[in-house]
Amino acid sequence: MNVDWLSSASQRDIDQFKSVCNQLLSRTYVVRTLYRPDKGRVANPDYTFLSIHYEQVRDYLALLDWDLRKDDMNGYFYILNTDEANRCNFDKKETAILLAIRMIYDENQERLGLEQDAICTVRDVLEKVVTDYAILPSKPNMEEVKRALTRLENHSIIQRIDGKYNKGSCKFSILPTVLSAVSADKLNMIVSVLRKEENDEETEEDSAD
């Protein structure tokens, strides 16, 4: 176990080691930059710490059955449970909202490039869910939307900038971690499944009539 450095580390480094490990275990991701309304994109000191002490943190988390990984191109660290336990399960509406956020991120990156944040509003997400891609037949109620977006923020997929998640005007930043949360292949597969379920439900309703 490569954590011998802890015996001679400063109290500040020990505290940050604990903080970073707890953050990964509770939020899954640590990103390179964060959005601050008054400053724009700023460097995340936790990401810098992980870059320096990657092996030590990796070896420690491995004892707990977690695999620490990094995506240098998109700028984030993340963990996976080696026993495939502790998965975060989303319901259908939460999944639809996550897919819409991934779509918006892709569209923004094509237009702005990798070094730009993908900024959107709750209204943008709902338009994707119901109108543009018809992932769901009707708009979820705003409390369901708030619950889904709060879960995504708790797992470092998005970061709120202004407003409340139960308001259409709420603005938030989509973090590059969404690329790991929903791969391109998984995106296409899940959208197909959701649409098939909706078509099957509509067919059953028509038969009942």
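The structure presented is a predicted model; accordingly, all values stated were derived computationally and were not measured.
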Interatomic distance, [X] atom [atom1] to [Y] atom [atom2] [nearest 0.5 angstrom]:
| X | Y | atom1 | atom2 | value |
| --- | --- | --- | --- | --- |
| Lys164 | Leu149 | NZ | CG | 15.0 Å |
| Ile158 | Arg151 | CD1 | CZ | 12.5 Å |
| Ile119 | Ser173 | CD1 | OG | 4.0 Å |
| Lys146 | Asn141 | NZ | CG | 12.0 Å |
| Trp66 | Leu24 | CH2 | CG | 10.0 Å |
| Ile101 | Lys128 | CD1 | NZ | 12.0 Å |

**OP:** Please determine if Lys70 forms a cation-pi arrangement with Tyr54, meaning its NZ or CZ atom is less than 6.0 Å from the six-membered ring centre and no more than 45° off the ring axis.
**Re:** yes
Original post:
Is it true that Phe77 and Tyr47 have ring centroids separated by less than 6.0 Å?
Top reply: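 Yes, the ring centres sit under 6.0 Å apart.
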**OP:** Test side chain to side chain contact (heavy atoms under 4.5 Å, CB included) on Tyr165 and Met142 and set out the steps.
**Re:** CA-CA 8 Å; Tyr165 283 137; Met142 295 309 288; over 6 Å; no
For [X] and [Y], which heavy atoms make the closest approach, and how far apart are they?
| X | Y | result |
| --- | --- | --- |
| Arg32 | Asp72 | NH1-O, 3.1 Å |
| Asn108 | Ala118 | CB-CB, 3.7 Å |
| Tyr29 | Ala181 | OH-N, 3.4 Å |
| Pro140 | Leu126 | CD-CD2, 4.1 Å |

Does one hydrophobic cluster hold both [X] and [Y], with members joined at side-chain heavy-atom distances below 4.5 Å?
| X | Y | value |
| --- | --- | --- |
| Leu64 | Ile79 | yes |
| Ile14 | Leu25 | yes |
| Val42 | Ile174 | yes |

Answer whether the closest heavy-atom distance between the side chains of [X] and [Y] falls below 4.5 Å.
| X | Y | answer |
| --- | --- | --- |
| Arg160 | Cys170 | yes |
| Asn166 | Glu143 | yes |
| Val57 | Cys21 | yes |
| Thr177 | Tyr78 | no |
| Leu50 | Asp46 | no |
| Glu144 | Glu94 | no |
| Leu34 | Arg41 | no |

**OP:** Give a yes or no on whether a salt bridge exists between Asp67 and Arg69, defined as a side-chain N under 4.0 angstrom from a carboxylate O.
**Re:**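 Here Asp67 pairs with Arg69 in a salt bridge, since their nearest N and O are under 4.0 Å apart.
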Original post:
Where the side chain of Asn44 meets the backbone of Val31, is there a donor-acceptor pair that is under 3.5 Å apart?
Top reply: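 Answer holds: yes.
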Original post:
Would a distance-only check, ignoring hydrogens and angles, find a side-chain to backbone donor-acceptor pair under 3.5 Å from Thr95 to Asp91?
Top reply: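 Between the backbone of Asp91 and the side chain of Thr95 there is a qualifying donor-acceptor contact (under 3.5 Å).
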**OP:** Kindly write out the residues that satisfy salt bridge (charged side-chain N to carboxylate O under 4.0 Å, His left out) with Arg123, not counting sequence neighbours, or none if the list is empty.
**Re:**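 In terms of salt bridge (charged side-chain N to carboxylate O under 4.0 Å, His left out), with neighbours along the sequence ignored, Arg123 is linked to no residue.
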**OP:** Could you check Tyr76 against Leu179 for side chain to side chain contact (heavy atoms under 4.5 Å, CB included), going step by step and ending with a plain yes or no?
**Re:** CA-CA 10 Å; Tyr76 60 88; Leu179 297 172; 4.1 Å; yes
Subject >> Exercise: do Gln16 and Asp13 side chains pair donor with acceptor under 3.5 Å >> reply: no
Subject >> Given Ile97, Leu99, Leu152, the one that forms side-chain contact (heavy atoms from CB on, under 4.5 Å) with Phe90 >> reply: Leu152
**OP:** From the options Asn74, Asp106, Ile157, Ile104, select the one residue that forms a side-chain contact (heavy atoms from CB on, under 4.5 Å) with Val178.
**Re:** Ile157
Subject >> Contacts of type ring pair (Phe, Tyr, Trp, His ring centres under 6.0 Å), residue His53, not counting sequence neighbours >> reply: Trp5, Phe49
Original post:
Should Val125 and Cys120 be marked as a side chain to side chain contact (heavy atoms under 4.5 Å, CB included) after you check the CA-CA gap, both sets of side-chain angles, and the distance that decides it?
Top reply: CA-CA 8 Å; Val125 173; Cys120 71; 4.1 Å; yes
Subject >> side-chain hydrogen bond (donor to acceptor under 3.5 Å, both in side chains) involving Asp124 - partner list, sequence neighbours excluded >> reply: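 By the side-chain hydrogen bond (donor to acceptor under 3.5 Å, both in side chains) rule, Asp124 matches Thr121.
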